[in-house]
Protein chains: 2
Amino acid sequence: MKRATIKDVAEAAGVGVATVSRVLSGGSASPQTRERVLAVAAQLDYRPSALGRNLRQQRTGGMGLLLPDLTDSFYGQLAEGVLACARSAGEPVVIGSTADDPEQEAELIGMLLEQSVDRLIAVPCGDADTWRPALKAGMTVVFADRLPPEPDPGTPQPDPAGAAPESELEGALSGVSSAALSELMMLDGVGALPGARPAAPRPAVRPLDVPAVLTDDRSGIRTAVQYLRGLGHRRIAYLGGPGRERRVEAFRQAVGGVPDEELIVFSDGSRDSAYAAASGLFQTRPDLTALVAGGNMLGEAAVLAARELDLRVPRDLSVVMYDDVPWAELCSPPLTVIAQPARDMGYRAAELVLRAGSRRPRSVLLPTELVIRGSCGPRL
Amino acid sequence: MKRATIKDVAEAAGVGVATVSRVLSGGSASPQTRERVLAVAAQLDYRPSALGRNLRQQRTGGMGLLLPDLTDSFYGQLAEGVLACARSAGEPVVIGSTADDPEQEAELIGMLLEQSVDRLIAVPCGDADTWRPALKAGMTVVFADRLPPEPDPGTPQPDPAGAAPESELEGALSGVSSAALSELMMLDGVGALPGARPAAPRPAVRPLDVPAVLTDDRSGIRTAVQYLRGLGHRRIAYLGGPGRERRVEAFRQAVGGVPDEELIVFSDGSRDSAYAAASGLFQTRPDLTALVAGGNMLGEAAVLAARELDLRVPRDLSVVMYDDVPWAELCSPPLTVIAQPARDMGYRAAELVLRAGSRRPRSVLLPTELVIRGSCGPRL
DNA sequence: TTGAAAGCGCTAACAG
DNA sequence: CTGTTAGCGCTTTCAA
């Protein structure tokens with residue numbers, strides 16, 4: 001039993017296919033025609049085929065979603081946000097996971113292009129060159145959670161917002177009422193995120209001009225570092241993951257002075273590498289008393305490594321982790337975290353990519369919140 | 001700059017479109033023609049449009065994936081498995097999350113039908129009626145992790161494999177070499193999972209005949225219960241989630257005798273409901289000494305509720321949780337779990353749904369493993 | 001308000 | 001081995 005086509009409906013209703021199409025997409029038609037068509041369509045259990053429509057319109061509906069790892073609760077939450085928005089719009093979502101590997105990312109972009117998916121939400125890992133093809137092909141792209149690494153300009157770039165603003169949020173919003181602060185923040189052109197310095201000569205190759213939904217990393221990190229400093233900690237380490245340059249930068253800035261680079265270590269996206277990095281750090285620098293983990297998988301690794309080395313949290317080591325995830329509370333002690341509104345980020349990114357008409361939508365910067373639990377203590 | 005079509009390539013190469021199509025899909029062509037076409041295609045950066053192909057073939061490639069909740073690490077891992085397989089096949093995956101709500105599930109199925117996605121992997125929550133439309137439409141469906149609830153037959157159904165077999169695995173494999181036991185298990189017709197009793201009169205409405213990738217719940221639960229009993233526990237409670245009838249049944253059977261139904265409580269898919277259920281259970285039955293949580297979100301809730309009520313684990317309460325998730329180790333104490341090969345399940349489900357020719361593929365039953373950590377102790 | 005007709009890009013059947 | 005051609009189901013001019 002084959003599916004009914006628009007032609008079947010047209011014949012059964014004694015009208016032309018164009019009329020059926022119009023009725024079903026809310027075009028104009030006389031009431032009686034409309035009613036008849038609707039009745040017949042329902043009776044035949046007609047479902048318009050997306051295939052025909054897509055070919056005709058030269059575009060697949062819905063959106064793509066590219067994430068590093070669905071195993072990471074943060075991205076799981078982000079994805080749920082996207083799906084929630086897509087569902088309410090009745091749009092399909094094509095998902096792909098990149099494992100933070102630019103090559104896989106490029107492949108997935110190619111696949112989406114082949115499918116004529118022209119809207120894409122991504123947590124990018126590749127650089128501008130990975131992304132240019134998608135943009136040139138006319139895809140509407142929205143980045144979430146982070147931006148592609150900027151091509152390193154010749155001269156080391158000073159903080160884009162000028163002299164170390166209190167936070168990105170404030171930087172972007174200087175002169176805005178504090179009521180607006182609690183609102184979701186808008187800013188334009190993510191390439192030059194905060195206070196666009198009109199005169200500053202940027203490198204000729206301007207980064208990508210793609211809207212993004214980000215959280216205020218600078219403020220998140222700064223709050224955490226200040227909190228730790230307030231507890232007396234001086235040797236604070238940072239454990240970072242891939243694509244997180246903004247956070248590291250924020251960390252360097254927050255600790256102030258000449259940062260002790262040995263206290264800043266990185267891993268790639270895998271659990272193993274995170275564990276190795278954490279473990280290595282603890283062993284080479286037993287003098288550190290606090291750690292900021294730049295992501296929940298890193299926090300996981302840090303807690304595990306600390307336990308393995310018999311470092312007691314928070315007695316021997318204070319830990320703050322980026323991302324609030326369900327298990328943070330189950331941990332012993334419960335982890336103090338920098339919470340990001342993961343689900344909202346996904347939802348808003350989906351909104352952006354769906355609403356995007358011809359105009360490029362604006363970027364969104366969401367606030368973070370330091371959730372104090374039990375993993376930080378005074379320096380002893 | 002528009003994308004090149006097959007026609008452009010044909011013209012530029014001085015051949016017909018059919019030839020291009022043939023060359024690109026590995027059909028026969030003379031070496032020089034092939035070479036020329038390939039060269040031109042590369043030169044024009046030609047990418048075949050899935051739109052045209054899909055319409056022509058009346059089917060969208062790739063597969064759908066329906067999960068209850070991406071926030072649940074178990075499903076995140078499952079999804080990663082599916083994506084890994086899909087990626088290596090170059091196939092797109094359309095994802096949807098149902099929140100264990102049959103209505104949303106039905107809607108998503110409808111959406112996939114509209115997209116002509118004809119392969120679907122699902123952790124089902126709706127019953128047979130929800131799924132029949134998809135099957136009637138000719139979708140190749142593979143269930144993962146669980147099956148739709150069976151329509152309750154008039155007479156209470158005895159254990160389908162006869163007199164309480166040691167486990168589903170063994171039940172399905174009686175007479176099979178023990179070497180094969182460590183292999184992935186095959187069995188036919190999931191509707192009548194284990195030892196198909198030829199003579200037994202089943203209800204007229206046979207359940208769905210859909211292949212599935214499951215784990216051996218019976219053995220998983222039984223092992224856990226036996227472990228707890230070995231530690232001296234007698235009042236063992238079970239905290240269950242939606243769509244988990246097999247596990248509860250296994251639990252009832254494992255505890256033997258007349259189960260104390262008050263010790264068996266359920267929640268829906270949400271964290272809140274799980275917490276409420278756990279908390280309620282602990283308060284109404286302070287005499288229980290051990291708990292089996294039928295899923296990782298339930299385990300999470302149980303640990304939280306126990307902590308809230310000042311029940312020490314494992315001193316006051318021993319806990320075994322279904323699903324091994326990264327945070328199980330971070331928990332204090334680290335949780336003893338029934339581990340399922342989540343990623344493999346996803347991968348294998350994807351294999352099944354992709355390999356499915358006209359023949360219905362066989363079901364797969366994977367083993368579980370009791371991972372003993374620190375959340376269980378002797379009854380005091 | 002309505003219908004006829006022209007494709008969108010591709011594959012498969014058929015003819016050469 | 002290769003080219004021509006007929007659609008797949010739909011939307012969208014363009015006339016009527």
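The sequence lines fix the lettering, A, B, ..., with proteins before strands; numbering per chain opens at 1. All figures in this text were calculated on a predicted structure; none of them were measured in a lab.
A donor-acceptor contact under 3.5 Å is not formed by the side chain of B:R3 with the base of C:dG9.
Heavy atoms of A:S25 sit nowhere under 4.0 angstrom from any nucleic acid atom. Within the nucleic acid shown, B:V15 comes within 4.0 Å of sugar-phosphate atoms alone, with no base atom in reach, counting heavy atoms only. Nucleic acid contact for A:S49: sugar-phosphate only, since backbone atoms but no base atoms lie under 4.0 Å from a heavy atom of the residue.
Note: CD (A:E114) to P (C:dC10) measures 10 Å, nearest angstrom. Look at OH on A:Y46: it is 7 Å from C1' on D:dC10, rounded to the nearest Å. C:dC8 atom P lies 19 Å from atom CD1 of A:I6, rounded to whole Å. We find that CZ of A:R34 is positioned 11 Å from C1' of C:dT1, with the value rounded to whole Å. Between the NZ atom of B:K7 and the C1' atom of D:dT5 there is a distance of 13 Å, rounded to whole Å. Between B:R36 atom CZ and D:dC1 atom P there is a gap of 15 Å when expressed in whole angstrom units. What separates CG of B:D8 from P of C:dC10 is a distance of 9 Å, to the nearest Å.
Taking every side-chain heavy atom of B:A18 into account, C:dA12 is the closest of C:dA12, D:dC10, D:dG9. Set against D:dG9, D:dT2, C:dT1, the side chain of A:S30 has C:dT1 as its closest nucleotide. Comparing C:dT2, C:dC8, C:dC10 by their closest approach to the side chain of B:R56 singles out C:dC10.
When each of B:V17 and B:L55 is assigned the nucleotide of DNA chain D with its nearest heavy atom, B:V17 is the one assigned upstream, toward the 5' end. For the pair B:Q57 and B:Q32, nearest-nucleotide mapping onto DNA chain D gives the more 5' position to B:Q32.
Side chain of A:D344 to main chain of A:P341: no donor-acceptor pair is present (N/O by atom type, distance under 3.5 Å, no hydrogens or angles). B:T98 places no side-chain N or O within 3.5 Å of a backbone atom of B:E105 that could act as its donor or acceptor partner.
With hydrogens and angles left out, the side-chain atoms of B:E80 and A:S97 include a donor and acceptor closer than 3.5 Å.
Salt bridge A:D45/A:K2: absent, no basic N to carboxylate O contact under 4.0 Å. Under 4.0 Å is where a charged nitrogen must lie from a carboxylate oxygen, and between A:R119 and A:E91 at least one such pair does.
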